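Report on the structure given below.
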Amino acid sequence: MISKKVVLIDGHSILNRAFYGVPILTNSEGLHTNGIYGFLNIMFKAIEEEKAETLIVAFDLKAPTFRHKMYGAYKGTRKPMPQELHEQVPVLKEVLQAMEIPIVTKEGYEADDILGSLSRIYEEQGCDVTVISGDRDLLQLATEKVKISIPKTKAGGTQVENYYAEDVLKTYQVTPTQFIDLKALMGDASDNIPGVPGIGEKTATKIITAYGSIEEAHAHVDDIKPARAANNLREHYDMAVMSKKLAAIDTHAPIEIPDTSAGLENMYSQSAYQMMKRLEFKNILNRFDQENVAVPVLSAAVELTDRNEQQQKIFEAMSRPMFSAYPICEDGLWGLVMAYDDKCFWMPTKSADDLNGMAGWFDGHPDMAVMDLKERLHYFPLKESDNVLDISLMAYLLNPLKDSYDYDDIARDYLGMTLPSRADLYGKKKLSEIFSEDRTKALTWLGYYASLPLKAAPELRAALEKENMWELYREIELPLSFSLYRMEIAGIRVEREALREYGDHLVGRIQELEQEIYALAGEEFNILSPKQLGTILFEKLHLPYGKKTKTGYSTSASVLEKLQDEKPIARLVLEYRQLTKLKSTYADGLANFISEDERIHGKFHQTITATGRISSTEPNLQNIPVRVELGRRIRKVFVPKDGCVFVDADYSQIELRVLAHMSGDENLIEAYKQAEDIHRMTASQVFHTPLEEVTSQQRSNAKAVNFGIIYGISSFGLSQGLSITRKEAEVYIKQYFAAYPKIKDFLDGLVAEGKEKGSVYTLFHRKRPIPELFSSNFMQRSFGERVAMNSPIQGTAADIIKIAMIHVDRRLREEGLKSRLVLQIHDELLIEAAMDEVETVKQILHDEMSHAAKLKVPLEIDINTGTDWYEAK
DNA sequence: AAACTCACG
DNA sequence: ACGTACGTGAGTTTT
């Protein structure tokens with residue numbers, strides 16, 4: 001007989017584990033989904049590992065309460081489910097139903113009893129059973145054929161502990177059945193099992209291993225040591241017997257076995273797909289077979305190959321109040337999808353150049369809906385216009401926390417439509433492959449690219465207007481897309497040969513360090529492996545370990561720095577890390593991005609950050625080393641093209657100035673009007689010391705406090721930043737707020753506003769939603785509070801430099817200059833300036849940056865020039 | 001794919 | 001009591 005594989009899941013227990021193991025996650029409806037997400041991942045993992053043929057989930061009928069951590073000497077108490085978890089229970093059941101996974105409940109019985117009874121029945125039928133639960137009480141069900149599987153929620157990667165009967169014996173020195181006796185002696189406050197007073201885990205284990213059961217133990221009660229335990233057992237034996245009844249799981253509950261004849265065949269059904277879409281579990285959607293995905297037709301594209309016909313349709317579109325367009329450009333497939341009224345056309349072209357040429361037909365166009373404007377401009381160079389409605393950019397402004405703003409995301413969030421994503425449709429195939437396989441299908445899908453933007457753009461515009469953010473879109477974000485596009489086109493020149501020499505220079509020193517470290521360690525190992533390094537440092541060499549991470553010892557710079565004065569190996573490892581970082585990320589990393597034109601054309605992203613900043617990738621040009629001299633030298637390989645120099649301009653402490661303005665604190669405003677050194681001034685005011693007498697220690701402490709304020713002050717954070725105690729940090733904060741009372745009011749006000757509105761805002765109405773503020777988890781809520789304090793400041797600074805960029809870029813072009821913006825690094829702009837334009841460029845940078853916003857304090861700019869970036873900064 | 005570490009503002 | 005500074009992206013190792 002082939003034994004069937006059965007998996008039984010303790011529904012509430014696993015949901016609870018998942019809820020606390022997976023960080024906050026909500027879908028667009030605001031429904032919390034982290035527990036369900038974690039549950040499904042544990043479930044899928046179990047199905048795969050156990051090769052399950054039958055799967056059943058058991059639930060209690062009453063919403064259970066859950067154990068929480070032990071506090072001091074007291075037993076854990078049970079807390080009711082927080083709302084964020086409670087709301088997930090019915091949804092999880094819906095998901096399971098949609099997947100046709102049987103759910104079993106029984107009036108008057110707990111999930112434990114259902115699991116116990118089912119596992120007994122299946123075992124009797126000769127099946128291999130796995131019971132999955134977070135609750136160790138279930139270990140009493142383990143046998144030779146019944147495995148108890150307890151997932152350990154190690155953030156992200158869930159590991160499982162598996163127990164057959166023999167494993168229980170090995171780990172706990174008692175058999176599964178004796179587990180009941182053990183609990184009967186120990187008791188369990190959270191389960192209302194009284195147990196025997198005065199007998200805890202240690203004594204209970206001793207007694208049960210010796211006598212096998214409470215009955216046997218009672219029969220030999222006179223032999224039990226210590227005498228105290230014996231007396232207790234004698235006196236409270238009836239209590240122990242009663243406890244045993246309570247602790248025992250009923251394996252003979254009157255449970256009807258659900259119909260599992262269909263097995264797991266129907267797990268990936270259409271209705272399950274719809275549920276996963278609704279919950280926005282993109283990872284899980286990948287498991288669904290693409291062939292089975294229903295494809296709603298929004299407006300399939302009609303193919304138009306004739307160039308004249310194409311042009312005619314475009315002219316027709318130009319006469320409408322709004323149309324949409326989306327260029328396609330991949331290997332061997334070029335063309336434009338466009339839509340207007342309820343029509344949609346696919347206009348293939350013979351080459352990328354032909355597609356490029358079509359852009360001219362759109363000059364002076366009416367409202368034009370698109371997606372990912374900046375990216376599209378590379379294939380379809382539209383003239384800059386304020387009539388473009390980039391639905392991705394608009395959706396980003398309405399909710400900057402999303403990780404994607406593709407048509408399906410927008411269809412779901414703003415039109416309540418469920419559309420298949422590109423990944424759902426193509427999988428790993430290219431559009432051109434789909435075209436040759438099934439033309440109709442390809443045209444249906446292409447329709448989404450143009451039809452959806454056309455439908456969604458008015459909705460998004462209305463939403464922006466309602467939230468007072470239309471101006472932010474029109475005046476800042478949209479023009480910025482064009483500026484960023486031009487910056488990507490411009491790129492920055494990098495001397496390939498000099499970069500290689502820099503890397504070679506590092507290699508020599510890296511090899512020396514490597515040998516020195518091996519010598520001190522007494523063996524060769526991979527220094528870059530935190531695991532191996534931790535073992536060497538903290539186990540072999542017995543260095544005192546500071547922190548621990550989830551997986552082992554922390555070997556982070558902050559730990560090694562504390563050791564480096566005493567232990568040379570720590571200093572060497574730090575230097576080794578520094579150099580290998582420079583070599584791999586910068587010397588080698590950047591080299592991979594140098595194009596034929598000797599320049600690096602990185603990407604600047606406008607829809608990534610939660611605060612409104614720009615981000616940079618492929619490569620990241622916003623984190624080129626500067627703080628340490630050796631790293632800083634890499635900037636010498638960034639050079640302007642012949643006939644140009646670099647002009648670099650950065651704001652001086654823009655975030656603190658924004659804080660001064662937004663809080664309206666007269667003391668800080670006055671400080672900025674007077675002092676050239678704001679950290680010194682802060683030190684003077686916070687420590688009540690005359691400006692001239694401020695020590696460098698005081699100044700650097702004040703600087704750390706200023707940073708802390710911007711990050712959303714907490715005594716712990718400041719104590720870390722300054723390497724002082726929390727108490728001392730608290731004193732600093734108190735003194736700071738005494739010196740600048742309005743700042744305290746302002747920051748408190750931001751948190752209050754966040755809690756009231758669910759979002760905080762910048763000076764230019766940029767919105768940052770903060771769902772964490774409503775978390776029942778202290779840590780997440782505190783994070784939300786720090787975010788509420790930081791985002792308006794960081795975001796307003798981001799707004800200001802965006803305005804400056806747009807104005808600088810506009811003037812460079814309108815004044816017919818050859819100089820070009822090449823980089824933005826949050827508070828810094830780098831221009832490749834023609835030699836004869838340097839003075840003009842400096843003037844433009846100074847004027848446009850200092851006047852980008854009118855604040856209650858001046859915006860100060862530092863400007864430098866140089867023949868490389870090292871020199872210009 | 002996740003964890004860790006580290007580069008920048 | 002909880003366990004942290006805010007915002008990013010990339011390389012390496014480990015699972």
Side-chain angles (χ1 to χ4, degrees), chain A residues 41 68-72 74 154-159 283 400 526-534 547 549-560 573-574 577-590 592-593 602-605 608-628 631-632 634-635 650-651 653-655 704-705 707-722 726 729 733 768 777-795 797-798 801 823-828 873:
Chain A
N41 279 326
H68 283 258
K69 298 210 168 151
M70 305 287 221
Y71 298 128
Y74 296 97
K154 277 191 173 176
T158 49
Q159 293 190 334
N283 258 338
N526 187 342
I527 306 167
L528 289 181
S529 158
K531 196 177 167 187
Q532 293 178 37
L533 180 64
K547 275 186 292 188
T549 63
K550 281 169 225 156
T551 48
Y553 305 105
S554 168
T555 63
S556 70
S558 70
V559 171
L560 298 184
V573 170
L574 280 169
R577 284 232 185 105
Q578 193 195 357
L579 299 202
T580 50
K581 174 99 180 180
L582 290 173
K583 173 81 169 108
S584 62
T585 305
Y586 298 102
D588 299 346
L590 290 174
N592 291 327
F593 288 99
K603 292 182 178 173
F604 292 94
H605 303 276
I608 298 294
T609 71
T611 53
R613 277 188 175 178
I614 285 162
S615 90
S616 161
T617 64
E618 297 175 60
N620 184 351
L621 294 169
Q622 291 180 320
N623 72 346
I624 304 301
V626 68
R627 292 172 189 170
V628 175
R632 190 176 194 144
I634 205 168
R635 294 181 172 223
D650 69 296
Y651 282 107
Q653 297 133 6
I654 187 169
E655 291 183 341
V705 175
F707 270 106
I709 294 290
I710 286 164
Y711 292 158
I713 196 81
S714 79
S715 56
F716 182 89
L718 182 61
S719 70
Q720 290 293 298
L722 274 175
R726 274 174 71 161
I733 294 168
R768 161 87 194 252
N777 177 310
F778 172 85
M779 206 182 71
Q780 291 185 351
R781 205 167 53 246
S782 305
F783 170 73
E785 289 167 1
R786 293 195 294 273
V787 165
M789 296 187 260
N790 170 267
S791 294
I793 301 171
Q794 191 184 118
I801 192 154
L823 294 182
Q824 187 257 36
I825 310 104
H826 308 306
D827 64 350
E828 171 186 359
K873 172 79 185 168

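Computed from a predicted model, the values in this text were never measured in an experiment. Letters A, B, ... are given to chains in the order of the sequence lines, protein chains preceding strands, and every chain is numbered from 1.
Across all strands shown, A/Asn526 has heavy atoms under 4.0 Å from sugar-phosphate atoms exclusively, and none from any base. Using a 4.0 Å heavy-atom criterion, one finds that A/Arg781 contacts no nucleic acid atom at all. Within the 4.0 angstrom heavy-atom criterion, base atoms lie near A/Gln794. Among the protein residues, A/Thr555 comes within range of the sugar-phosphate backbone only, with heavy atoms under 4.0 Å from sugar or phosphate atoms but none that close to a base. Across all strands shown, A/Gln532 has heavy atoms under 4.0 Å from sugar-phosphate atoms exclusively, and none from any base. Across all strands shown, A/Thr580 has no heavy atoms under 4.0 Å from either base or sugar-phosphate atoms. The residue A/Ala798 sits apart from the nucleic acid: no heavy atom pair falls under 4.0 Å. A/Asn623 comes within contact range of at least one nucleobase, with a heavy-atom separation under 4.0 Å. Within the 4.0 angstrom heavy-atom criterion, base atoms lie near A/Ala704. Using a 4.0 Å heavy-atom distance criterion, A/Gly712 is classed as making no nucleic acid contact. Within 4.0 Å of A/Ile624, counting heavy atoms only, lie sugar-phosphate atoms of the nucleic acid but no base atom. Residue contacts shown for A/Ile825 are limited to sugar-phosphate atoms, with no base heavy atom under 4.0 Å away.
In this view, A/Pro625 and A/Leu582, A/Tyr586, A/Ile634 satisfy the side chain to side chain contact (heavy atoms under 4.5 Å, CB included) rule, not counting sequence neighbours. Scanning for side chain to side chain contact (heavy atoms under 4.5 Å, CB included) contacts around A/Ile608 gives A/His605, A/Ser615, with sequence neighbours left out. For A/Phe783, the ring-ring contact (aromatic ring centres under 6.0 Å, His included) criterion is met by no residue, not counting sequence neighbours. With sequence neighbours excluded, the residues forming a side chain to side chain contact (heavy atoms under 4.5 Å, CB included) with A/Glu785 are A/Val751, A/Lys755, A/Leu773, A/Arg781, listed by chain and number.
Looking at A/Thr555 and A/Arg577, their side chains do bring a donor and an acceptor atom within 3.5 Å of each other.
In this structure, the nucleotide among B/dG9, C/dA10, C/dG7 sitting nearest to the side chain of A/Thr585 is C/dA10. Nearest to the side chain of A/Lys531, among C/dG3, C/dT15, C/dG7, sits C/dT15. Taking every side-chain heavy atom of A/Ile608 into account, C/dG9 is the closest of C/dC6, B/dC8, C/dG9. Proximity note for A/Lys873 (side chain, C-beta onward) versus C/dA5, B/dG9, B/dA7: the nearest is B/dG9. With C/dC6, C/dT12, B/dC6 as the choices, the nucleotide that has an atom nearest any side-chain atom of A/Ser584 turns out to be C/dT12. Looking at the side chain of A/Tyr586, the nearest of the listed nucleotides B/dC6, B/dA7, C/dT14 is B/dA7. The nucleotide whose nearest atom lies closest to any side-chain atom of A/Arg768 is, among C/dG7, C/dG3, C/dT13, C/dG7. Nearest nucleotide to the side chain of A/His826, out of C/dC6, B/dA7, C/dG7: C/dG7. When each of C/dG3, B/dC8, B/dT5 is scored by its nearest atom to the side-chain atoms of A/Ser554, the top-ranked nucleotide is B/dT5.
Put simply, the residue from A/Thr585, A/Leu590, A/Ile825 that forms a side chain to side chain contact (heavy atoms under 4.5 Å, CB included) with A/Ile624 is A/Leu590.
At a cut-off of 3.5 angstrom, the base of B/dG9 holds at least one donor-acceptor pair with the side chain of A/Arg627.
DNA chain C forms stems at B:1-9 with C:6-14, each a run of 3 or more consecutive Watson-Crick or G-U wobble pairs whose two key distances fall under 3.5 Å.
Of all the residues in residues 610-618 of chain A, A/Ala610, A/Thr611, A/Arg613, A/Ser615, A/Ser616, A/Thr617, A/Glu618 reach under 4.0 Å from DNA chain C with at least one non-hydrogen atom.
Residue A/Pro619 comes nearest to A/Gly602 through the heavy atom pair CD-CA, 4.0 Å, listed as atom of the first residue, atom of the second, then distance.
A/Val626 has its side chain within reach of A/Arg635: a pair of non-hydrogen atoms, C-beta onward, lies under 4.5 Å apart.
Using a 4.0 Å cut-off, some side-chain N or O of A/Arg786 falls inside it from OP1 or OP2 of C/dC6.
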